[in-house]
Amino acid sequence: MDGAKGTEISSRGYTKYPIDYASIDAVEIVEQVHQSYIDSGVDVITTNTFRVTSFPDKSKMKDVICADCSLIRNLNAPNIALSIGPGDGDFSDLTSRQRKELKQKYKWQAELATDCQVDMILLETVCSLDEAVMAIEEILSITSIPLCVTCTLTEKSTMLSGETLDQFSEKMESLGVFAIGLNCIPISKLLLNNVKELAKKTSLPLIIQPNLGMPEQTKNGSEYPVKEKEFFETMQAISEINQVKFLGGCCGTTPKLMTKLIELKVK
């Protein structure tokens, strides 16, 4: 799979938020990023749509999702994955009305995934298990497109909503998703241990997309603390776990890193 979209797009000078709008008003920049990942050799290109769940209506969602999917398809990408991120705020604090509205947004995105004929759906950076369950049930009621779900973890190896990896994997298997995994977690020995634990708890294919840590401001601008050597050493170990079928990256990773990662895995 590919790596970061947001940090790659912003590094090329796009400053509007949410960055998803770049697929409409900065097409050349987004095209450059997608093409760079295609050239790197990855076999799945994710859409620049992570923040679309926060959009107020289906019309705006459609504008961005359809524009980006069309852009990727015109570049002859091998496979397209629709990126769906979580809603705004803490799910546990939402009122019943807000939950109903959020549920509708997941439904709209599932419908648009079908309309745009994507190859898979990636529900990523899941923070709340309850929100994920709601999203998955809604998405799978609309489409049969393979659904992959990745969550992020705390330093205690639990979801932000408190559930363990065991609880996450058990619930995902019961819902019938295609694959599960971890994303937006700094590359580290802890991540490696969590991947090993997850592999013990599920028979599903695993997707691993770590980030390079929290960016630090230096005289040269923002820099990520994780160095290439540490990234590749850990990813090499992760790639040797039999159930890991998809490797990629999150915040801070680049097409160049994905090229080297592919070369490393081939060796």
Side-chain angles (χ1 to χ4, degrees), residues 1-6 8-9 14 16-40 42-87 101-126 131-132 134-150 175-181 183 205 207 209 246 248 250 255:
M1 299 188 78
D2 59 12
K5 287 294 163 66
E8 279 296 289
I9 292 170
Y14 189 80
K16 189 174 179 179
Y17 183 85
I19 212 161
D20 313 57
Y21 284 117
S23 297
I24 295 176
D25 57 25
V27 174
E28 289 186 4
I29 290 177
V30 179
E31 185 177 63
Q32 288 172 8
V33 174
H34 287 320
Q35 186 65 63
S36 294
Y37 279 118
I38 293 171
D39 293 342
S40 77
V42 301
D43 51 13
V44 179
I45 299 296
T46 54
T47 56
N48 176 41
T49 55
F50 179 73
R51 295 302 306 160
V52 165
T53 305
S54 67
F55 285 17
D57 56 62
K58 187 177 181 180
S59 176
K60 287 184 172 59
M61 288 182 171
K62 181 178 181 180
D63 289 344
V64 171
I65 290 175
C66 291
D68 201 62
C69 286
S70 177
L71 193 161
I72 298 172
R73 185 164 286 107
N74 288 340
L75 295 174
N76 296 314
N79 295 285
I80 302 174
L82 177 65
S83 168
I84 298 180
E101 291 172 348
L102 181 57
K103 183 178 181 179
Q104 180 69 54
K105 291 180 179 183
Y106 285 119
K107 177 182 178 181
W108 288 336
Q109 289 177 89
E111 291 171 344
L112 291 168
T114 301
D115 293 344
C116 294
Q117 298 181 322
V118 301
D119 300 290
M120 60 194 294
I121 296 172
L122 180 61
L123 182 65
E124 58 179 327
T125 320
V126 166
E131 180 178 352
M134 182 185 74
I136 292 164
E137 290 177 343
E138 198 63 24
I139 291 168
L140 293 181
S141 73
I142 298 297
T143 182
S144 60
I145 296 171
L147 174 61
C148 306
V149 184
T150 58
L175 292 170
V177 303
F178 174 73
I180 63 173
N183 83 302
I207 301 172
Q209 293 184 289
F246 300 92
C250 200

With side chains defined as the heavy atoms from C-beta onward, is the minimum distance between [X] and [Y] less than 4.5 Å?
X    : Y    : answer
I72  : T46  : no
I65  : C116 : yes
K5   : D68  : no
M120 : N79  : no
D39  : P255 : no
L123 : I84  : yes

Side chains of residues 135-143: which donor-acceptor partners sit under 3.5 Å, not counting sequence neighbours?
residue, atom, partner, partner atom, Å
S141, OG, E138, O, 2.7
T143, OG1, T114, OG1, 3.2
T143, OG1, I145, N, 3.1

After noting the C-alpha distance and the side-chain angles of D2 and S40, does the key distance pass the side-chain contact (heavy atoms from CB on, under 4.5 Å) rule?
CA-CA 9 Å; D2 59 12; S40 77; over 6 Å; no
Taking all non-hydrogen atoms of both residues, which atom of [X] and which atom of [Y] are closest, and how far apart?
X    : Y    : result
C148 : F178 : SG-CD2, 3.7 Å
A113 : L82  : CB-CD2, 3.6 Å
P78  : D43  : CG-O, 3.4 Å
D20  : F50  : OD2-N, 3.1 Å
Y106 : P86  : OH-CA, 3.6 Å

Can you tell me if [X] uses its side chain to pair, donor with acceptor, with the backbone of [Y] under 3.5 Å?
X    : Y   : answer
D119 : A81 : no
T47  : S83 : yes
S70  : C66 : no
Y37  : A4  : yes

Give, for atom [atom1] of [X] and atom [atom2] of [Y], the distance between the pair rounded to the nearest 0.5 Å.
X    : Y    : atom1 : atom2 : value
E28  : E31  : CD    : CD    : 7.5 Å
H34  : N74  : NE2   : CG    : 11.0 Å
M134 : L102 : CE    : CG    : 4.0 Å
K105 : S54  : NZ    : OG    : 6.5 Å

For residues 55-63, tabulate all N or O donor-acceptor pairs below 3.5 Å that involve a side-chain atom, not counting sequence neighbours.
residue, atom, partner, partner atom, Å
D57, OD1, S59, N, 3.2
D57, OD1, K60, N, 2.9
K58, NZ, E111, OE1, 2.7

Tested for side-chain contact (heavy atoms from CB on, under 4.5 Å) against I207, the lone hit among V149, I180, L122 is L122
Kindly determine whether N48 and V64 satisfy side-chain contact (heavy atoms from CB on, under 4.5 Å), including the steps that lead there.
CA-CA 8 Å; N48 176 41; V64 171; 5.9 Å; no
Can a donor-acceptor pair be found between the side chains of T125 and N183 at a distance below 3.5 Å?
yes
